[in-house]
Amino acid sequence: MLDSKFVRTQPEDVAAKLVKKGFTLDVEAFHALEQSRRDIQVRTESLQQERNNRSKNIGKAKAAGEDIAPLLKEVDDLKQQLSAAETELSGVQTQLDALLAEIPNLPDDAVPEGNDEDDNVEVRRWGTPKSFDFEVKDHVDLGAALNGQLDFEVATKITGSRFAAMKGDIARLHRALIQFMLDTHQQDHGYEEIYVPFIVNRDSLFGTGQLPKFEEDLFKIQDDRGFYLIPTAEVPVTNMLRDEIIDANQLPLKYTCHTPCFRSEAGSYGRDTRGMIRQHQFEKVEMVQFVKPEASDDALEALTNNAEAILEKLNLPYRTVILCGGDLGFSAARTYDIEVWLPSQEKYREISSCSNFRDFQARRMKARFRNPETGKPEFLHTLNGSGLAIGRTLIAVMENYQNADGTIEIPEVLRPYMAGKAVIGNP
RNA sequence: GGUGGGGUGGCUGAGUGGUCGAAAGCGGCGGUCUUGAAAACCGUUGAGUGUAACAGCUCCCAGGGUUCGAAUCCCUGCCCCACCGCCA
């Protein structure tokens with residue numbers, strides 16, 4: 001959420017920056033609402049003041065043993081006036097809050113102009129895609145040929161489309177990737193491993209920005225508690241600090257967390273229908289950081305490097321792009337996507353997304369720290385990034401490490417997690 | 001599932017329907033003392049909104065209600081604790 005005072009005082013600046021994100025801020029409507037809020041609020045508060053004063057006087061008079069009946073008469077219609085004003089005020093305030101809750105975060109100045117992913121700008125590239133002297137298979141064919149160790153058909157039977165089932169060494173490889181990433185972030189990158197609920201309430205989803213605007217992307221649990229399956233660990237992990245004021249000396253806080261992620265993929269009919277790229281359920285190892293405002297720029301670079309380090313250890317070629325304004329998420333001020341090379345598509349495909357949200361989520365969540373210089377609470381900056389998406393990493397390993405006979409070499413760093421095994425073949 | 005007790009400031013914790021935004025302690029900050037530190041002592045210290053600065057207003061889990069007036073009374077919800085029962 002943006003600072004309402006900022007939107008109020010510099011609406012033109014805000015509107016101008018949001019153009020880059022493809023968002024049109026209705027400055028007129030905002031002003032009109034804001035003006036009436038002000039008027040009603042002033043009126044309401046003066047009525048409240050009067051009520052408070054008179055009530056106090058009644059209290060005093062009563063304590064002094066005086067007759068309070070005349071005083072009560074005076075205050076008679078104040079009550080109706082006040083309650084009418086309060087109702088009016090809360091109505092306008094609700095509208096204003098709703099408007100503010102749907103305004104996206106401002107993009108950084110460094111964010112390039114553009115409408116969609118074609119306008120993202122490459123910032124670096126690592127590794128060289130391997131050239132194969134045979135016709136490469138994609139992960140679907142590889143998995144099927146490996147005696148169905150990766151199986152979409154059975155998952156469709158169990159549930160429906162956009163699910164996957166695994167068994168044997170592929171299932172173990174999938175688990176090995178999770179362990180490897182958690183261990184690396186914990187041991188090499190200084191993150192604390194945590195475990196959190198996979199079901200969250202509406203407040204948490206509001207805090208990170210999924211609600212109220214993106215409800216259709218979520219799986220909602222069908223009872224009256226208003227719970228949702230998490231679309232990413234970002235939601236539970238970031239909300240750990242909702243409504244908290246923490247000591248500055250605890251910062252930065254760096255957490256890594258493995259969770260499944262559930263997404264309805266409502267708007268993506270027909271996209272990536274084959275294979276494991278886009279699923280309703282996938283695993284992810286996430287990194288989340290809470291930092292002081294002045295530290296968030298450096299933290300984003302470091303966090304992105306932490307994700308890249310995983311790909312480098314796995315020896316998978318990637319490139320890193322900075323998202324253009326049009327491709328940037330609702331809550332993000334700046335995002336780097338890391339894209340891994342997929343031989344079957346001869347393309348780099350997104351495997352991680354690393355973002356700086358600045359104080360946008362923190363303001364929604366009231367996540368603050370006490371600034372030792374001023375003694376006052378200030379909003380934290382929040383960041384997060386995938387490190388990495390497990391399903392897509394599995395695909396990348398299978399496809400990049402495939403042999404002519406359809407077997408798959410296991411990357412060196414994963415072998416300790418695979419009982420020393422070097423190759424996955426037919427069982 | 002049953003019964004009972006609770007949710008108050010950064011934390012712990014008191015609070016009779018009427019100067020209670022709230023005692024006290026801890027912690028934080030400033031100071032005295034000290035070569036320095038600790039201890040001790042003195043002072044200060046909730047969050048927001050609002051203002052040029054005051055003032056004012058809101059907030060004692062959340063939402064309703066009673067009242068001239070609610071942290072305090074009533075209703076609903078959420079959460080926590082204790083004991084009993086049941087299950088893993």
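Chain identifiers are assigned alphabetically (A, B, ...) following the order of the sequence lines, protein sequences preceding nucleic acid strands; residue numbering begins at 1 within each chain.
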In whole angstrom, what separates Ile40(A)'s CD1 from U58(B)'s C1'? 17 Å
Glu373(A), CD atom: more than 12 neighbouring heavy atoms under 6.0 Å: no
Taking 4.0 angstrom as the limit, do Glu153(A) and Lys157(A) come out as a salt bridge? no
Hey, is Glu34(A) close enough to Arg8(A) for a salt bridge, meaning N to O under 4.0 Å? yes
Between A39(B) and C33(B), how far apart are the two C1' atoms, rounded to whole Å? 11 Å
N/O contacts under 3.5 Å, protein versus nucleotides 48-51 of chain B?
{"unit_1": "G48(B)", "atom_1": "OP1", "unit_2": "Arg368(A)", "atom_2": "NH1", "d": "3.0"}
{"unit_1": "G50(B)", "atom_1": "OP1", "unit_2": "Arg8(A)", "atom_2": "NH1", "d": "2.9"}
{"unit_1": "G50(B)", "atom_1": "OP1", "unit_2": "Arg8(A)", "atom_2": "NH2", "d": "3.2"}
{"unit_1": "U51(B)", "atom_1": "OP1", "unit_2": "Arg38(A)", "atom_2": "NH2", "d": "2.8"}

Which letters describe nucleotides 61-80 of chain B, given B = protein heavy atom under 4.0 Å from base, S = only from sugar-phosphate, - = neither? ------SBS-----------
Pairwise P distance for A37(B) and C29(B), with rounding to whole Å: 13 Å
Roughly how far apart, to the nearest Å, are G25(B) and G18(B) at atom P? 24 Å
Is Arg370(A) near enough to A47(B) that one of its side-chain N or O atoms lies under 4.0 angstrom from OP1 or OP2? yes
Between A70(B) and G5(B) - C1' atom distance, rounded Å: 22 Å
Whole Å only: how far is the CD atom of Gln48(A) from the C1' atom of A55(B)? 15 Å
Within the 6.0 Å centroid threshold, strictly below: His280(A) and Phe163(A): yes
Using a heavy-atom cut-off of 4.0 Å across all strands, would you classify Asp247(A) as base, sugar-phosphate, or nothing? nothing
Could you tell me how far apart Asn371(A) (CG) and C29(B) (C1') are, to the nearest whole angstrom? 13 Å
Rounded distance (Å) that lies between atom P of U58(B) and atom CG of Leu89(A): 11 Å
Please report the distance, rounded to the nearest Å, between CD1 in Ile246(A) and C1' in G9(B). 18 Å
May I ask you to say whether Lys313(A) pairs ionically with Asp188(A), meaning some side-chain N is under 4.0 Å from a carboxylate O? yes
Say we look at G77(B) and G2(B): how far apart would their P atoms be, to the nearest angstrom? 13 Å
Taking the same atom, P, in G56(B) and in U66(B), what whole-Å distance lies between them? 28 Å
Integer angstrom distance from the P of G6(B) to that of G50(B): 38 Å
Check against ring-ring contact (aromatic ring centres under 6.0 Å, His included), Phe214(A) and Phe330(A): CA-CA 10 Å; Phe214(A) 307 100; Phe330(A) 175 76; 5.4 Å; yes
Between CG of Asp243(A) and C1' of C59(B) the distance, given in whole Å, is 13 Å
Quick one: Asn52(A) CG to G56(B) C1', roughly how many Å, whole number? 10 Å
Check Glu399(A), Met398(A), Gln402(A) against Asp138(A) for a side-chain contact (heavy atoms from CB on, under 4.5 Å) and give me the one that passes. Glu399(A)
P atom, G15(B) versus G7(B): distance in rounded Å? 10 Å
